[in-house]
Amino acid sequence: MSQRTLIEKSAIPRITERTRGQKHGPITRLMSPSDLGRLLKPFVFLDLIDNGGAPFTGFGLHPHSGIATVTYVAEGSVRYEDTNGATGLLPAGGIEWMRAGGGVWHGGGLGEPGRTRGFQLWIALPPELELGPSESIYLSPETVPLDGPARVLIGSYGSATSSIKAPSPMNYLAVRLKAGERWSYQPPAGHTVLWTAVGKGSILVPDEVQQGELVAFTSSSVVLDFEAQSDAEFILGSAVPHNYDLVLGSHSVHTNAEALREAETRISEIHTRLIGQGRL
């Protein structure tokens, strides 16, 4: 084996962390700032949603600040509302983007009866955005760009670019493969954070990753190859690292304690307004 081949082989991304998270009813928390979120920031929380067809009331209005949430519906539908004035039903293939900034309240739950599956991801915001205005965007399935089997939720891949402006350099993709199909991902320059989570089926990368698992990879500029062992659905995130502290509040993630205090004041003001409106 040549020296060049040895170097290329050693540079192939390897799985460094593997988890099935903690399950709470239809929600499995795969990542949080107390575990893999500190390793994979700006990606700091990840929930796998699967009600198995059972009823689930969802979550009433609740606050966030300092982060952005991305909800992707793989099957079924979810309902949503927020204090920016939006309300509606998000079908399979759609995305909810909520950049909390300095404070926002939102809520939701399962939509139509039946099984609902998907992922909700929380992204830490950089200092210039963590106290900025909130932003909510809801994309229908036909407006989410595709390149081959990859649906581009945030960032760019191949010929497809998301209409959602990423808060920092990152890609977030949802991929569907039939059994035996292959797909490759080339991490952009500087994207040293790299992970994937499987929502359905199992894949080889080249080690096996099964439904319900999240794995993190070593940093690499080499193409990452995926092969579906069965019909599979998975998400993938890559990013330039978030080189800031994670200062946690009850519903918030900020880069410093002062920003957290300011956001908590704003959240309290919105809370008072919601009570006056009879929404809480």
Side-chain angles (χ1 to χ4, degrees), residues 15-51 56 58-60 62-74 78 95-101 103-109 117-127 129-130 153-154 166-168 170-174 192-199 209-219 234-257 259-260 263-264 267:
I15 293 174
T16 60
E17 304 284 347
R18 184 188 294 265
T19 183
R20 285 190 169 274
Q22 295 185 332
K23 185 174 176 61
H24 304 279
I27 309 294
T28 301
R29 175 140 294 174
L30 295 173
M31 172 169 57
S32 68
S34 61
D35 45 59
L36 286 182
R38 293 199 176 273
L39 174 68
L40 298 176
K41 59 184 182 179
F43 308 107
V44 292
F45 286 96
L46 179 67
D47 285 348
L48 170 62
I49 305 163
D50 189 346
N51 71 328
F56 176 60
F59 303 97
H62 59 280
H64 290 301
S65 68
I67 54 176
T69 65
V70 192
T71 304
Y72 169 67
V73 185
V78 297
I95 304 172
E96 175 196 17
W97 164 263
M98 170 58 71
R99 191 182 70 204
V104 73
W105 288 61
H106 76 158
R117 294 187 299 109
F119 288 92
Q120 188 169 61
L121 174 70
W122 283 258
I123 299 167
L125 296 176
L129 293 175
E130 66 179 322
L153 311 182
I154 304 292
S168 58
M170 69 180 65
N171 287 337
Y172 180 40
L173 314 178
T192 56
V193 173
L194 181 62
W195 58 272
T196 192
V198 179
V209 185
Q210 298 179 343
Q211 179 179 354
E213 286 191 297
L214 164 69
V215 297
F217 299 96
T218 55
S219 170
F234 59 95
I235 54 173
L236 176 144
S238 72
V240 171
H242 179 79
N243 292 321
Y244 304 96
D245 292 336
L246 300 180
V247 179
L248 309 182
S250 299
H251 309 277
S252 307
V253 179
H254 284 274
T255 65
N256 61 80
L260 174 61
E264 287 179 336
I267 285 172

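Every value quoted in this text rests on a predicted model; they were computed, and no experiment measured them.
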S.K.: Are Phe234 and Val209 close enough, and set up right, to give a side chain to side chain contact (heavy atoms under 4.5 Å, CB included), and what steps lead you there?
M.R.: CA-CA 10 Å; Phe234 59 95; Val209 185; over 6 Å; no

S.K.: Considering only heavy atoms from C-beta outward, does the side chain of Leu125 approach that of Arg99 to under 4.5 Å?
M.R.: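 Yes, their side chains come closer than 4.5 Å.
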
S.K.: Below 4.5 Å, heavy atoms only, C-beta onward: do Ile95 and Val70 meet side chain to side chain?
M.R.: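 Yes, close enough: below the 4.5 Å cut-off.
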
S.K.: For residues Gly199 and Arg117, report the shortest heavy-atom separation together with the two atoms involved.
M.R.: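 Taking every non-hydrogen atom into account, O-NH1, 3.8 Å.
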
S.K.: Hey, which of Leu40, Val193, Leu194 is the one that makes side-chain contact (heavy atoms from CB on, under 4.5 Å) with Ser238?
M.R.: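 The single option meeting the side-chain contact (heavy atoms from CB on, under 4.5 Å) with Ser238 is Leu194.
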
S.K.: Enter the distance from Trp97:CH2 to Ile154:CD1 here, rounded to the nearest 0.5 Å.
M.R.: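 Those atoms lie 5.0 Å apart.
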
S.K.: Quick check for you: to the nearest 0.5 Å, what is the distance between Leu236 atom CG and Thr196 atom OG1?
M.R.: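 That separation rounds to 5.0 Å.
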
S.K.: Which residue pairs pass the salt bridge (charged side-chain N to carboxylate O under 4.0 Å, His left out) test with at least one member in residues 20-38, sequence neighbours excluded?
M.R.: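 Checked against salt bridge (charged side-chain N to carboxylate O under 4.0 Å, His left out) - neighbours excluded - the pairs reaching residues 20-38 are Arg29-Asp47.
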
S.K.: List in chain and number order the residues that pass side-chain hydrogen bond (donor to acceptor under 3.5 Å, both in side chains) with Ser250, two or more places apart in sequence or in another chain; answer none if no residue qualifies.
M.R.: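 Result, side-chain hydrogen bond (donor to acceptor under 3.5 Å, both in side chains) vs Ser250: none returned.
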
S.K.: Could you pull out all residues at least two apart from Thr71 that satisfy side chain to side chain contact (heavy atoms under 4.5 Å, CB included)?
M.R.: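 For Thr71 the side chain to side chain contact (heavy atoms under 4.5 Å, CB included) partners, ignoring immediate neighbours, are Glu96, Gln120.
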
S.K.: Can you sort out the partners of Ala124 under side chain to side chain contact (heavy atoms under 4.5 Å, CB included), two or more places apart, ordered by chain and number?
M.R.: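 Testing Ala124 for side chain to side chain contact (heavy atoms under 4.5 Å, CB included), a comparison that skips the adjacent residues, returns Val44, His242, Leu246.
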
S.K.: Supply the atom-to-atom distance Lys41 NZ to Asn243 CG, rounded to the nearest 0.5 angstrom.
M.R.: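 One finds 7.0 Å between NZ of Lys41 and CG of Asn243.
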
S.K.: How far apart are the closest heavy atoms of Pro167 and Leu129, and which atoms are they?
M.R.: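 Closest approach of Pro167 to Leu129: CB-CD1, 3.6 Å.
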
S.K.: List in chain and number order the residues that pass ring pair (Phe, Tyr, Trp, His ring centres under 6.0 Å) with Phe217, two or more places apart in sequence or in another chain; answer none if no residue qualifies.
M.R.: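 Per chain and number, Phe217 pairs via ring pair (Phe, Tyr, Trp, His ring centres under 6.0 Å) with no residue.
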
S.K.: Kindly give the heavy-atom pair with the smallest separation between Leu36 and Leu214, and that separation in Å.
M.R.: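 That would be CD1-CD2, 3.7 Å.
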
S.K.: Return the set of residues passing salt bridge (Lys or Arg N to Asp or Glu O under 4.0 Å) with Arg18 (not counting sequence neighbours), or none when no residue passes.
M.R.: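 With neighbours one apart ignored, the set is Glu213.
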
S.K.: Using the test side-chain hydrogen bond (donor to acceptor under 3.5 Å, both in side chains), find all partners of Glu264 that sit at least two apart in sequence or belong to another chain.
M.R.: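 Residues passing side-chain hydrogen bond (donor to acceptor under 3.5 Å, both in side chains) with Glu264: none at all.
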
S.K.: Can you list everything that forms a side-chain hydrogen bond (donor to acceptor under 3.5 Å, both in side chains) with Ser65? Sequence neighbours excluded, please.
M.R.: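 Partners of Ser65 by the side-chain hydrogen bond (donor to acceptor under 3.5 Å, both in side chains) criterion, ordered by chain and then number, come out as Ser252, His254.
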
S.K.: Under the criterion side chain to side chain contact (heavy atoms under 4.5 Å, CB included), I'd like the reasoning laid out for Ile49 against Ile27: C-alpha separation, chi angles, the key distance, then a yes or no.
M.R.: CA-CA 5 Å; Ile49 305 163; Ile27 309 294; 3.8 Å; yes

S.K.: Should Trp195 and Glu17 count as side-chain neighbours, where that means a heavy-atom distance under 4.5 Å?
M.R.: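 Answer no - side chains too far apart.
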
S.K.: Using the test ring pair (Phe, Tyr, Trp, His ring centres under 6.0 Å), find all partners of Phe119 that sit at least two apart in sequence or belong to another chain.
M.R.: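 Checked Phe119 against ring pair (Phe, Tyr, Trp, His ring centres under 6.0 Å); zero matches.
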
S.K.: Quick one: closest heavy-atom pair of Thr192 and Pro241, and the distance?
M.R.: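 For Thr192 and Pro241, the tightest heavy-atom pair comes out as OG1-CG, 3.1 Å.
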
S.K.: Do Tyr244 and Glu130 touch side chain to side chain, with heavy atoms closer than 4.5 Å?
M.R.: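 Heavy-atom side-chain distance check fails, nothing below 4.5 Å.
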
S.K.: List for me each residue that meets side-chain hydrogen bond (donor to acceptor under 3.5 Å, both in side chains) alongside Asn51, sequence neighbours excluded, and say none if there are none.
M.R.: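 side-chain hydrogen bond (donor to acceptor under 3.5 Å, both in side chains) check on Asn51 returns nothing, list empty.
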
S.K.: Between Leu121 and Tyr172, is any pair of side-chain heavy atoms under 4.5 Å apart?
M.R.: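 Leu121 reaches Tyr172 side chain to side chain.
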
S.K.: State, yes or no, whether a side-chain contact exists between Thr69 and His106 at a heavy-atom distance under 4.5 Å.
M.R.: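 Touching, per the 4.5 Å side-chain cut-off.
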
S.K.: Identify the two heavy atoms, one from Pro63 and one from Ile267, that lie closest to each other, and give their separation to 0.1 Å.
M.R.: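 Reported closest heavy-atom pair: CB-CG2, 3.4 Å.
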
S.K.: So, taking the atom named CG in Asp245 and the one named CG in Asn256, what distance separates them when rounded to the nearest 0.5 Å?
M.R.: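 Asp245 CG to Asn256 CG: 8.5 Å, rounded to 0.5 Å.
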
S.K.: Quick check: closest heavy atoms across Leu46 and Ala197, and the distance to 0.1 Å?
M.R.: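 So the two residues come closest at CD2-CB, 4.0 Å.
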
